[in-house]
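This report concerns only the one structure given below.
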Amino acid sequence: MPELPEVQSVVNHFKPYLLNQFIHSIDYLNNYEKVFETHSSNDLNKHVANQKISKVWRRGKYIVIDVSNGHLCIHLRMTGQLQVGCNKTDNTNHFTALINLKNKSKIYFKDYRKFGRIYFFKDLSILNYRLGPEPFDPNFNLTYVFEFFKGKNKDIKSFLLDQKFVSGIGNIYASEILFLSKINPCKKVSVLSKKECQKIILNSKKILLKAIAKGGSSIRDFKDTSGSKGGFQNEFKVYQQEGKKCKNLGCFDLIKKKIIGNRSTFFCDSCQK
DNA sequence: AAGAGGCCCTGATAGC
DNA sequence: TGCTATCAGGGCCTCT
């Protein structure tokens, strides 16, 4: 579900609940121990029980909760949500995990598709191995991009989704970034000019920053549990706009949808070359 | 090594 | 109305 801006907004929202608090325990719910992926429930609790939370931050699409002896990392995948406490209207069958804090507050992990995972890492080497630079990192620059594309022959859209290339971009923002850059999502990276690469780098930062400022996008499942919804879905230029008129001034073409890299991709054939 | 495709899951919606 | 097919914002794994 959520991409970088949505994960950032979840982190911002939960930081006050978590920071400087002590973890009492973490339970898996509805028999779904798989949610812990790398650890058995016992092992995980050995690592995190009684630990103080010293930092809450984001790396790619992971929510990272630092404790003294390691990092609790939460990935929401497609439909994961965090929420403080349990509402009357909740379908508890969708709960996969529960973080109990010593101050008695309960943070629920709600995830009807059950793709979301909670990991514990002693250090961040695994995460750094899996993930490329953050889009805002100065290392995400022309030299890096050109070096990365060397010997590769896939379309640019697939690379924007590749977390080893750059971390945090997902299917919505990939389409939006390429539209703003006027680059066709099918274009092979081997034929991209330096100027085009530069545009992609700059527009990635631009789109993501704007989305963060709007609190992310609220579509389908994604809602900030505080009730404050993101507003970037109103800014979509191409995502889910199939058949609608291109939003570029003077262009009268219609937005097309095409499956690229196994995912729906939206673009304007006339504006994106 | 790089790229294509399957798979994990459930629910909403479209089409018949 | 009710069934079935398709699709959904992710990422890992396997095979070629």
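Residue numbers start from 1 in every chain, and the chains themselves are labelled A, B, ... in the order their sequence lines are given, proteins ahead of strands.
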Mutual orientation of the aromatic rings belonging to A:Phe165 and A:Phe148 [parallel < 30°, tilted 30-60°, perpendicular > 60°]: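 The rings of A:Phe165 and A:Phe148 sit tilted, inter-plane angle from 30° to 60°.
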How far, in whole Å, is B:dC7 from C:dT6 if one measures between their P atoms?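 Rounded to whole Å, the distance is 15 Å.
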Rounded P spacing from B:dA1 to C:dG11 in Å: 22 Å
May I ask which nucleotide in the shown strands pairs with C:dG2, Watson-Crick or G-U wobble, both distances under 3.5 Å?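 Result: B:dC16.
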Between [X] and [Y], is the ring centre distance below 6.0 Å?
| X | Y | result |
| --- | --- | --- |
| A:Tyr239 | A:Phe267 | no |
| A:Phe159 | A:Phe149 | yes |
| A:Phe120 | A:His47 | yes |

Is there a side-chain polar atom (N or O) of A:Arg77 under 4.0 Å from OP1 or OP2 of C:dC12?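 Result: no.
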I want to check one thing: is the phosphate of C:dA8, taken as OP1 and OP2, less than 4.0 Å away from some side-chain N or O of A:Lys257?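 For A:Lys257, the contact criterion (side-chain N or O under 4.0 Å from OP1 or OP2 of C:dA8) is met.
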How many whole angstroms separate atom [atom1] of [X] from atom [atom2] of [N]?
| X | N | atom1 | atom2 | result |
| --- | --- | --- | --- | --- |
| A:Leu160 | C:dG11 | CG | P | 13 Å |
| A:Phe159 | C:dG11 | CZ | C1' | 16 Å |
| A:Leu76 | C:dA8 | CG | C1' | 16 Å |
| A:Leu161 | C:dC12 | CG | C1' | 15 Å |
| A:Leu4 | C:dG11 | CG | P | 11 Å |
| A:Arg130 | C:dC12 | CZ | C1' | 9 Å |
| A:Tyr62 | C:dG11 | OH | P | 7 Å |
| A:Ile260 | C:dC7 | CD1 | P | 15 Å |

Verify the distance criterion only: is there a donor paired with an acceptor across the side chains of A:Lys258 and A:Thr265 at less than 3.5 Å? no
Go through the side-chain N and O atoms of A:Asn203 and A:Ser181 and say whether any donor and acceptor fall under 3.5 Å apart. yes
Answer with base, sugar-phosphate or nothing: what part of the nucleic acid does A:Asn153 contact at a heavy-atom distance below 4.0 Å? sugar-phosphate
So A:Phe232, base contact, sugar-phosphate only, or nothing? Heavy-atom distance under 4.0 Å. nothing
Outermost contacting nts on DNA chain B, any atom under 4.0 Å from chain A heavy atoms, listed 5' then 3', are B:dA2 to B:dG11
Of the candidates C:dA8, C:dC12, C:dG11, the side chain of A:Gln163 sits closest to C:dG11
Which nucleotide wins on minimum distance to the side chain of A:Lys61, given the candidates C:dG11, C:dA8, C:dC12?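 So the side chain of A:Lys61 is nearest to C:dG11.
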Run the numbers on A:Lys110 and A:Asp90 for salt bridge (charged side-chain N to carboxylate O under 4.0 Å, His left out), then give the verdict. CA-CA 9 Å; A:Lys110 198 175 169 181; A:Asp90 285 329; 3.0 Å; yes
